[in-house]
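The basis for the numbers below is simple: all heavy atoms, side chains too, and nothing from hydrogens, waters or symmetry mates. Convention: sequence-line order gives letters A, B, ...; per-chain numbering from 1.
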Amino acid sequence: MARSPPSFTNLILRRPTPRTLQNPNSQIRNIGASNDGTEFNQQNQDPINSNRYDNQNFIEIAREVSKIIRTRPRWEQTILSDFPTINFGDPHFFREVLMHQKNVFLSLRFFNWVSSQNGVLPDSLLCNEIFTGLVEAKAANAARNFLDSTKFGPEPACLEAYIQCLCGNGLIEEANDVFDQLKRMGKWPSLVTWNSALLGAIRARRTDLVWKLYVDMIECGVIVDVDTIGYLIQAFCIEEKFIKGHELLRQVLEDGHVPSKVSFNRLMSGFCKDRCYNKVSILLHTMIAKNHAPDIYTYQEIIHGLCKRKMRHEGFRIFNDLKDRGYVPDRVMYTTMINGLCKMKWLGDARKLWFEMIQKGIIPSEYTYNALIYGFCKTGQFNEVRKLYKEMCDRGYSKTTVSYNTMISGLCLHGRVEEAHALFKQMDENGITRDSITYNSLVQGFCKEGKIVEGTKYLYELLEQGLQPTTSSCTVLIEKLCQLGHMDEAKTLWKDMQDRGVKPVACNNDSILIGLSEQGYVAEGIEWLATMLKSRLKPQKETFERLVQVLSQGDKLDDALLVLGYMFKIGYALSECVCHSLVNRLCKDNSHHVETCIGDILQNG
DNA sequence: GTAGGGTTAG
């Protein structure tokens, strides 16, 4: 767009008429209608006053306006009456104000105000200036909104900076769109921009985007650097392909490049989780050899990896070792260790670390509170939970799904499902989102206490919310339904679960099998057993025994013997007490093949 | 100019 020559005549030059005084917006209604402004407000132009303001005045007024914007919080309410003759929407005046207005957010506010007055069509140079300012201020959302509302096309160089800004603020999808936009313009971003996009994708854990970007880079013939490779290693780590990540690391090392510590740390954390401790040790040595001193992050990843792999003793040993060697753990390190100790129910040690941390002046974070609250929940110390939870809220950490979930599952674990239920209801009142953990914990809590009506209710509510039930929730509910003889419901749930892609567990079949036999549906039970065996699902030994007992007590000796045959075929032996009761039962019977049967039983039992 | 880490079920 051609830049219009400075023209001050369309700016002010107008004695306020009664109409414009009544409606200040009419002053700037037509601004932007033409490039050079010659047609502006022609009917109101006052040729006598046209030259009253010279260049000097113009600059002074702009300076004054910019000062007012800077210093008066609600300048929008007064500015029109302060400057009744000023044409605020003139791009040149606007630019002049901007020149004195260093704060881009205030400029944006001024811009929005002028636009809201009459729908100004701003020129692209001005837009570019504001947009660049927002991008430099890393205000990604403001920049995006600005772009959306003005629909102007920034320069390619500016778009590159914008990509980096978006990535730095986690707006990965948006950055990806801008990449495509650049591509359409036939421009290719620099390596720095590619790398910032890769980093953004890593932070968002979007490895799909990492690979897409990488393919694009290669296709464009970009020469990648060691940072790029570092991000690829991290992407492998996110996908838990630690071996591949390690392989890539070895390659760059051979080429004489050393990626950042982050790549090493991630790999070590992964190998801890995979129990490949020799690889951890190799990496630690490589790191040191390459002049990357292991830092607090390195050890935190290792300790966290060990805790995740239930090697918490080992983690605690390293933690104490580090302290002895002069490392000063930070808040995250303390949180990680307190969490590990709580998982082991070592509440004494956890509490000791908690106080040690506070004594060193480190304030527990929301994570730290949740970790210790979890520990007290696990060990059933609900008085401590209450105290700590109150302290956490007093500190200004808001109530969250995680903290509620921790307490709900803790209460359920200790059979206090009614209290858990109260918290569950409280979540709604406090506007806290319930997730699948919330529901699944509560369903299991109710089922464990035999309250299947409530358990079923919340399982269905979970489904209504579009959440995924877990195998264990379904399992415990099926088991209870079977025990209480609600066989139709149990079978429906079992089928429903498979339709929804919940991984069924073999023991569901066992529950149904026993339930059917106990309820007297012998034929269906036997059929169910046959289907199981056909699909190579192996019922538990206890299931067979229970089945044999139910059948023999119900005078279904032939069926009992049939089941017994299956049982022996699988290779289970009969335990002594079941054997006794069965033999007793058979001896009362005068069946002709009793002897053969007893022979069989004794042989296999 | 200095990345990267930590919390809840089963």
Legend entry - Separation of atom CG in A/Leu442 from atom C1' in B/dT8, rounded to whole Å: 14 Å
Legend entry - Listed nucleotide nearest any side-chain atom of A/Thr336, set B/dA3, B/dG6, B/dG10: B/dG6
Legend entry - Length of the CD-C1' vector between A/Gln164 and B/dG1, whole Å: 14 Å
Inset, instruction - Consider the side chain of A/Val262, meaning its heavy atoms from C-beta on, and name the nucleotide among B/dG6, B/dT8, B/dA3 that approaches it most closely. - result: B/dA3
Inset, instruction - Look at the side chain of A/Glu301 and decide which nucleotide, out of B/dG6, B/dG5, B/dA9, has an atom nearest to it. - result: B/dG5
Inset, instruction - Compare side-chain N and O positions of A/Tyr374 against OP1 and OP2 of B/dA9 and report whether any pair is under 4.0 Å apart. - result: yes
Legend entry - A/Lys343 to A/Tyr374, cation-pi by 6.0 Å centre distance and 45° axis angle: yes
Inset, instruction - Calculate the interatomic distance between A/His304 atom NE2 and B/dG5 atom P; express it in whole Å. - result: 11 Å
Inset, instruction - Look at A/Lys308 and B/dT7 and indicate whether a side-chain polar atom (N or O) is within less than 4.0 Å of OP1 or OP2. - result: yes
Inset, instruction - Among A/Phe446, A/Tyr460, A/Phe424, A/Tyr404, find the residue that satisfies the ring pair (Phe, Tyr, Trp, His ring centres under 6.0 Å) test when tested with A/Tyr439. - result: A/Phe424
Legend entry - Between P of B/dA3 and CD1 of A/Ile202, the distance in whole Å: 16 Å
Legend entry - Minimum-distance nucleotide to A/Asn339 side chain [options: B/dG4, B/dA9, B/dT7]: B/dT7
Inset, instruction - Scan A/Arg312, A/Lys310, A/Arg317 and name whichever one has a salt bridge (Lys or Arg N to Asp or Glu O under 4.0 Å) with A/Glu314. - result: A/Arg317
Inset, instruction - Measure from the side-chain heavy atoms of A/Ser260 and tell me the nearest of B/dG6, B/dT8, B/dA3. - result: B/dA3
Legend entry - Spacing between A/Lys261 atom NZ and B/dA3 atom P, to the nearest angstrom: 11 Å
Inset, instruction - Could you walk me through whether A/Asn195 and A/Leu198 pass side chain to side chain contact (heavy atoms under 4.5 Å, CB included), step by step? - result: CA-CA 5 Å; A/Asn195 280 347; A/Leu198 286 172; 3.8 Å; yes
Inset, instruction - Ignoring hydrogens and angles, answer whether the base of B/dG5 and the side-chain atoms of A/Ser269 contain a donor-acceptor pair closer than 3.5 Å. - result: no
Inset, instruction - Measure from the side-chain heavy atoms of A/Ser472 and tell me the nearest of B/dG5, B/dG10, B/dA9. - result: B/dG10
Legend entry - A/Asp227 CG - B/dG1 C1' separation (whole Å): 14 Å
Inset, instruction - Kindly indicate, with the supporting measurements, whether the criterion ring pair (Phe, Tyr, Trp, His ring centres under 6.0 Å) is fulfilled by A/Tyr397 and A/Tyr389. - result: CA-CA 10 Å; A/Tyr397 298 125; A/Tyr389 185 65; over 10 Å; no
Inset, instruction - Flag this pair as yes if the NZ/CZ of A/Lys244 is under 6.0 angstrom from the six-membered ring centre of A/Phe236 and inside a 45 degree cone about the axis; otherwise no. - result: no
Inset, instruction - Looking only at side-chain atoms of A/Val402, point me to the closest of B/dT8, B/dG5, B/dG6. - result: B/dT8
Inset, instruction - When you get a sec, tell me which of B/dT8, B/dG10, B/dG4 is the closest nucleotide to the side chain of A/Asn405? - result: B/dT8
Inset, instruction - Please determine, for the side chain of A/Asn370, which listed nucleotide (B/dT8, B/dT7, B/dG10) has the closest atom? - result: B/dT7
Inset, instruction - Examine B/dA3: is either OP1 or OP2 under 4.0 Å from a nitrogen or oxygen in the side chain of A/Arg266? Give yes or no. - result: no
Legend entry - Side chain of A/Asp295 (C-beta onward), nearest among B/dG6, B/dG4, B/dT8: B/dG4
Inset, instruction - Return the value, rounded to whole Å, for the distance between atom CZ of A/Phe264 and atom C1' of B/dG4. - result: 14 Å
Inset, instruction - Figure out the CZ/P separation between A/Arg312 and B/dT7, and round it to whole Å. - result: 11 Å
